[in-house]
Amino acid sequence: MERTLILLKPDALQRAIVGEIITRFERVGLKIVAAKVVQPSKEQYYYHYETIGKMISRRGQEVFDVTLEFMQEGPVLAMVLEGIEAVSLVRKMVGTTEPKAAAPGTIRGDYSHISFNFANSNGMSIPNLIHASGDLDDATQEIAHWFTKDEVFEYDTVHAKYTQGKK
Ligand code: ADP
């Protein structure tokens, strides 16, 4: 079973669609094993997006700076989800980075539509509602960065036989 980290970004909380988004993960049978609302410091986001995520080399300093600003606009909901191949599954459900390109049926595709073009010509970060770990190694590092061991729970659900193949 894999664990992955998601952050419901400030735009998701401002738009009051946190419940709708979490429902999607519950519906496919993923288990919530950790959750908390936090308003992290710039340093915490630096570690998340650059030390782990190597964002400056991938996206450039300017996009990195506006994204850190955007993330500090308000609190976020951090969660750990558990399930079969959960890391790639959750990325699929989240959709690609650019909302305009994100497929219908994905969270970003269904709840946002801003393009790279628009964001870049307005010097803004893309408010695309949710972060999800990119691969298993990132997920392991991100979970350790956002949660202490005591905040991550192990428990059985009544539906796991059917949703997670539990014997
Ligand atoms: P993802 O969140 O899809 O894994 P990245 O890790 O590359 O994507 O980028 C982190 C976040 O930075 C994105 O989710 C988005 O909010 C913002 N971002 C990335 N690229 C751009 C861009 N070209 N313009 C504006 N914002 C961007």
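One-based numbering, in listed order, for ligands and for the atoms of each.
Y111 and E20 share a donor-acceptor pair across their side chains, judged by distance under 3.5 Å alone. Side chains of H131 and E142: a donor on one and an acceptor on the other come within 3.5 Å.
Distances from atom 8 (O) of ligand 1 to the heavy atoms of T67, T97, V66, V94 show the closest one on T97. Considering only non-hydrogen atoms, atom 13 (C) of ligand 1 lies nearest to N128 out of L129, I126, N128, I130.
A donor-acceptor pair under 3.5 Å links the side-chain atoms of T163 to the main chain of H159, judged by distance alone. In this structure a side-chain-to-backbone donor-acceptor pair under 3.5 Å is missing from R3 to L81. Between the E82 side chain and the I32 main chain, no donor and acceptor come within less than 3.5 Å of each other. Listed for the K161 side chain is no donor-acceptor partner under 3.5 Å among the backbone atoms of V158. A donor-acceptor pair is defined here as one N or O able to donate and one able to accept, closer than 3.5 Å; such a pair exists between the side chain of Q72 and the backbone of L68. In this structure, D110 contributes its side chain and P104 its backbone to no donor-acceptor pair below 3.5 Å.
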Please output the side-chain donor-acceptor pairs of residues 91-101 that fall under 3.5 Å, not counting sequence neighbours, one pair per line with the distance.
unit_1: R91; atom_1: NH1; unit_2: A132; atom_2: O; d: 2.9
unit_1: T97; atom_1: OG1; unit_2: R59; atom_2: NH2; d: 3.2
unit_1: E98; atom_1: OE2; unit_2: F116; atom_2: N; d: 2.8

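The residue from I21, V18, D11 that alone fulfils the side-chain contact (heavy atoms from CB on, under 4.5 Å) condition with I130 is I21.
Residue T96 places no N or O, backbone or side chain, under 3.5 Å from any N or O of ligand 1. Here's the thing with A119: none of its N/O atoms is less than 3.5 angstrom from an N/O atom of ligand 1. Taking distance alone, with nitrogen or oxygen atoms compared against 3.5 Å, Y49 stays at or beyond that limit from ligand 1.
Among protein heavy atoms, the minimum distance from atom 6 (O) of ligand 1 is reached at R58 NH2, 2.9 Å. Atom 4 (O) of ligand 1 has R91 NH1, 2.9 Å as its closest protein atom, hydrogens excluded (heavy atom only). Looking only at heavy atoms of the protein, atom 24 (N) of ligand 1 is closest to N120 OD1, 3.0 Å. Nearest protein heavy-atom contact of atom 19 (C) of ligand 1 is R59 NE, 3.6 Å. Nearest to atom 21 (C) of ligand 1 among the protein's heavy atoms is V63 CG1, 3.4 Å.
Remark: ligand 1 atoms within the under-4.0 Å shell around heavy atoms of F116 are 20 (N), 21 (C), 22 (C), 23 (N). Interface of M55 with ligand 1, defined as ligand atoms under 4.0 Å from a residue heavy atom, comprises 9 (O), 10 (C), 12 (O).
Under the 4.0 angstrom criterion for non-hydrogen atoms, S125 is in contact with ligand 1.
Contacts between R108 and ligand 1 below 4.0 angstrom, taking non-hydrogen atoms only, involve the side chain exclusively. With a 4.0 Å cut-off on non-hydrogen atoms, F70 does not touch ligand 1 at all. If you look at M124 next to ligand 1, the close heavy atoms, those under 4.0 Å, all belong to the backbone.
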